[in-house]
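Comments concern the structure below.
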Amino acid sequence: TASTPWYIIPSIYFSKPPHIPLTYLHAMVLELNSFFTRSNKDDDKAKRQKSILVKWTGKRKAFLGFILVLSGTVALNVFATSKIFGSYYNNSSNDPESRARKPDYPKGRVFNGDESDLYAVDGLKAKVRGLSSDRSEGQQIQPLVEFPSPLDGFKDVWEVRGDEHDTPVFWHIPKSGGSSFKDIFGRCHRLTMAAEAGILEGHDKDTELQAMYMTDNPWHKFVNVDTSKAEGLKRAKEMGLVPSGLADLIVVSHVYDAETLFDSSHKGRLFAVFRHPVDQAISLFYYLQYATWERSYNERFSSMTIQEYARSDLFHDNYLTRVLSNQFNGKVTNDHLEVAKRVVREKVLVGLLSEKEISLNRFEYYFGWKYNTSVEKPRSQEKFREEFLHTGTNVNQKHKSYKPQPGSGPYELMAERNAYDMKLYTFIETIFWEQEKLFTDISDDYRHPSQPELELQVQQYFKFPFPLDGYKDTKDRSEGLIITPVFWHIPGHSFRDIYGRCHRLTVASEAGVRMGHDKDTELETFYLGDNHWHKFVNVDTFNLAGLGRAKEMGLVPSGMAEVIMVGNIFDANILFDSSHKGQIFTVFQHPVDREISKFASLQHNTMTVQEYVQSPYAQNNWLTRFLSNDFINELTVTHQRVARRILREKVLVGLLSEKEETMDRFERFFGWNYRIYPEEQEECREQFLHKLFNNGGLGPGDQDYETIALSNMHDIDLYNYIYGLFMEQGKYLAKVSRNENRFEGATCCMCEDPPTC
């Protein structure tokens with residue numbers, strides 16, 4: 001410390017003004033001593049002045065002069081420091097205009113990733129986090145106060161980020177905007193949270209960790225733990241919450257208890273939003289007058305006035321200081337305040353409710369949170385972000401007949417009872433602006449991902465329930481691969497008959513193992529019974545065992561099947577490899593029409609539609625459940641998004657309502673043309689296409705129709721998406737189709753004499 005000029009020491013150690021430790025007074029003595037003893041060969045005038053001064057005063061007057069100079073120096077530094085940090089010495093900060101005023105502190109160099117930059121303030125060797133500014137000497141000074149319990153589980157806020165194992169930890173301070181910020185983290189950024197909501201709906205009895213959606217919250221997942229209480233944190237620790245990586249964000253109420261979640265390999269990064277203590281106390285009082293569900297609720301609140309609350313034993317004094325110093329009982333002292341200051345300075349990324357836009361920008365930038373545009377359009381996410389920021393969540397909307405203002409009796413009483421928090425909050429404001437040096441490069445569009453980031457988001461966030469890498473993407477135009485058409489048969493229509501009977505394609509389907517062909521040891525094609533229109537390959541591609549047998553027999557590499565028909569696209573993925581890919585195509589029917597068709601097909605059916613919907617025969621929202629592989633749990637937005645991704649990337653979409661256009665597309669895309677007897681084949685095609693679907697005359701508005709629709713809302717939403725995708729794919733397919741129509745290059749082997757087929 002002796003190497004640091006004494007006149008800037010109070011400016012560096014501003015955490016304890018106006019008190020200056022004896023160590024630094026000793027440094028001043030050394031500096032003054034060096035002033036009286038140093039020689040300056042180039043300044044004869046200074047030498048003469050020093051000689052005259054010593055001779056004239058004598059020992060007593062020299063000592064008296066030293067005391068006067070020392071006293072003046074201390075007073076000058078206290079005055080200068082108070083000018084730099086504004087209202088730091090004002091314990092109450094009652095002036096609303098002075099709150100959150102950005103201090104005119106010395107600016108530091110721009111943080112560019114070099115940790116050494118964090119210690120430079122206008123060339124001064126500032127002491128940050130108790131470490132010596134001279135990093136090369138490896139010196140370390142002892143902190144002025146010790147934490148009551150270890151906080152090693154949390155990384156220092158100034159420590160450069162980059163470890164993927166660091167978990168953001170949000171300290172939720174009551175009535176300080178925390179609920180709004182949590183909604184932004186979940187609703188807008190779709191972060192999976194560990195919070196008090198994780199044990200709702202019976203999940204407190206779970207024995208294994210899982211992330212799931214809650215019934216009333218389809219926007220983001222919760223991990224099945226409660227991190228708001230000590231016992232919940234203990235359970236989360238035992239279940240391995242942090243190492244599991246399930247939680248993108250952990251929300252806590254107690255800093256020291258939450259630290260126990262972490263170890264040397266997994267660290268937390270603490271951040272919080274702070275509010276002026278008196279404003280927070282006023283808001284909490286009005287909230288607790290009606291919040292009967294809160295643990296801290298007391299019936300006495302409902303009949304109290306704000307004046308009575310300020311004087312009562314129910315008043316929560318110095319909440320911030322108590323939590324940060326781990327002092328929940330007894331009186332708060334200056335020692336607790338100093339502990340709280342050190343925790344804030346070293347461990348907390350500070351946000352202010354009075355600067356919520358800046359605070360949120362910093363949180364997003366610090367933790368790398370960007371909009372997941374595969375979930376929702378950025379415009380919608382930005383809209384919700386703005387709504388939560390400016391409207392808020394869990395805001396007191398009633399019982400606000402009187403809000404004390406600075407200078408009033410209740411306000412000043414609450415300020416007095418929160419004296420340590422008032423001092424701490426002023427310090428927090430200073431740290432907030434000091435931390436600005438971490439955020440010099442935030443751009444206005446930081447939250448919006450680039451195109452490569454967007455593509456990665458889609459792949460990571462909405463993972464396929466099973467691999468689908470055996471299928472070619474619908475827009476993949478790469479060549480050199482052998483592509484086999486794979487028709488995903490969704491029951492309810494007769495499209496599959498057109499490919500065999502009309503186009504005379506050799507088909508692999510469930511019919512291939514009839515007539516004892518399930519015992520064959522080698523692949524072959526054959527006509528089935530009186531079906532002389534097209535051939536079948538002797539495999540069954542509609543069940544997993546049959547697909548395994550087809551794989552072993554080399555169905556795809558053989559090239560025997562011109563089209564493979566499957567009931568499960570996930571299971572059929574095993575047929576393909578890096579050299580042989582499948583191309584999925586199918587025809588979709590409106591979900592209500594599909595269920596009506598199934599209801600009508602039930603033999604000896606005596607049920608009403610209402611009874612059918614509630615029966616095991618109905619498969620409500622079947623398409624969404626199949627594509628997301630979840631036939632048990634409550635469907636959410638994520639199930640819908642998984643289904644959409646599969647359809648968008650892997651499926652050539654057809655619509656039963658647009659069957660002519662659908663069939664034209666399939667024929668052009670796969671290059672199918674007539675080759676047997678075009679005139680007869682065209683007649684066959686028209687016959688199957690114009691078979692009308694009979695829905696019993698039901699339509700929108702009919703009670704039975706609406707009953708089925710109500711039970712299939714997810715599939716209806718998905719069908720609307722499919723309709724839009726059908727229109728979109730039409731523009732693409734027009735550019736990549738192999739022929740203009742089914743007559744292009746057509747041949748007629750039956751027209752020859754004798755026929756060649």
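As the structure is a computational prediction, the values presented were derived from the model and not from experiment.
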Is the shortest side-chain heavy-atom distance between Phe363 and Phe185 below 4.5 Å? yes
Could you grab the distance from atom CZ of Phe432 to atom OG of Ser359, nearest 0.5 Å is fine? 4.0 Å
State, yes or no, whether a side-chain contact exists between Val343 and Phe154 at a heavy-atom distance under 4.5 Å. no
Correct closest heavy-atom pair for Asp248 and Pro168 would be O-CD, 3.4 Å
Provide the closest heavy-atom pair for Phe315 versus Ala310 in the form atom of the first, atom of the second, distance. CD1-CA, 4.2 Å
Counting distance only, does the side-chain N/O of Asn224 pair as donor-acceptor with the main-chain N or O of Ala211 below 3.5 Å? no
Derivation of the ring-ring contact (aromatic ring centres under 6.0 Å, His included) call for His276 and Tyr425: CA-CA 7 Å; His276 188 276; Tyr425 184 75; 5.4 Å; yes
Quick one: sort the Tyr290 and Tyr287 rings into parallel, tilted or perpendicular, breaks at 30° and 60°. perpendicular
Just jot down the salt bridge (Lys or Arg N to Asp or Glu O under 4.0 Å) partners of Glu357, sequence neighbours excluded, or say none. Arg385
Donor-acceptor contact present, side-chain Glu259 to main-chain Gly153, <3.5 Å: yes
Smallest separation among heavy atoms of Lys347 and Leu151, with atom names: NZ-O, 3.3 Å
Just wondering, do Leu249 and Thr192 contact through their side chains at under 4.5 Å, heavy atoms? no
Parallel, tilted or perpendicular: rings of Phe439 and Tyr366 (30°, 60°): tilted
Inter-residue atom distance Phe222.CZ - Ile199.CD1, 0.5 Å rounding: 12.0 Å
Is any side-chain heavy atom of Ile282 closer than 4.5 Å to a side-chain heavy atom of Tyr309? no
side-chain contact (heavy atoms from CB on, under 4.5 Å) between Arg362 and Gln435, intermediate numbers included: CA-CA 10 Å; Arg362 291 183 181 182; Gln435 288 179 354; 4.3 Å; yes
Is Ser312 reaching over with its side chain to a backbone N or O of Leu314, donor-acceptor style, under 3.5 angstrom? yes
Could you tell me how the ring of Phe271 sits relative to the ring of Phe367: parallel (under 30°), tilted (30 to 60°) or perpendicular (over 60°)? tilted
Less than 6.0 angstrom from the centroid, inside 45 degrees of the normal: does Lys341 satisfy that with respect to the ring of Phe427? yes
Roughly how far, to the nearest 0.5 Å, is CE of Met304 from CG of Leu288? 11.0 Å
State plainly whether the residues Glu196 and Lys182 are in salt-bridge range, i.e. N to O under 4.0 Å. yes
Run Trp171 and Phe274 through ring-ring contact (aromatic ring centres under 6.0 Å, His included) and show every step you take. CA-CA 10 Å; Trp171 173 28; Phe274 296 90; 5.7 Å; yes
Is any side-chain heavy atom of Leu284 less than 4.5 Å from a side-chain heavy atom of His316? yes
Considering all heavy atoms, the nearest Ile173-Ala272 contact: CD1-CB, 4.2 Å
In Å, rounded to the nearest 0.5 Å, how long is the span from OG1 of Thr227 to CD1 of Ile250? 6.5 Å
Quick check on side-chain contact (heavy atoms from CB on, under 4.5 Å): which of Leu241, Val242, Leu261 does Thr167 satisfy it with? Val242
Any non-hydrogen side-chain atom of Leu352 less than 4.5 Å from a side-chain atom of Ile428? yes
Ser176 side chain vs Pro174 backbone, donor-acceptor pair below 3.5 Å: yes
Does anything in residues 305-320 pair up under salt bridge (charged side-chain N to carboxylate O under 4.0 Å, His left out), and if so which pairs, sequence neighbours excluded? Arg300-Asp313, Asp317-Arg322
Let's go through His172 and Ser179 carefully: what are the C-alpha distance in whole Å and the side-chain angles of both, what is the deciding distance for side-chain contact (heavy atoms from CB on, under 4.5 Å) to 0.1 Å, and is it a yes or a no? CA-CA 8 Å; His172 184 183; Ser179 296; 3.7 Å; yes
Spatial distance of atom OG1 (Thr321) from atom CG (Asp335) [nearest 0.5 Å]: 12.5 Å
Keeping His336 on the side-chain end and Thr333 on the backbone end, is there a donor-acceptor pair under 3.5 Å? yes
Could you tell me the separation between the CE atom of Met414 and the CD atom of Gln280, rounded to the nearest 0.5 Å? 10.5 Å
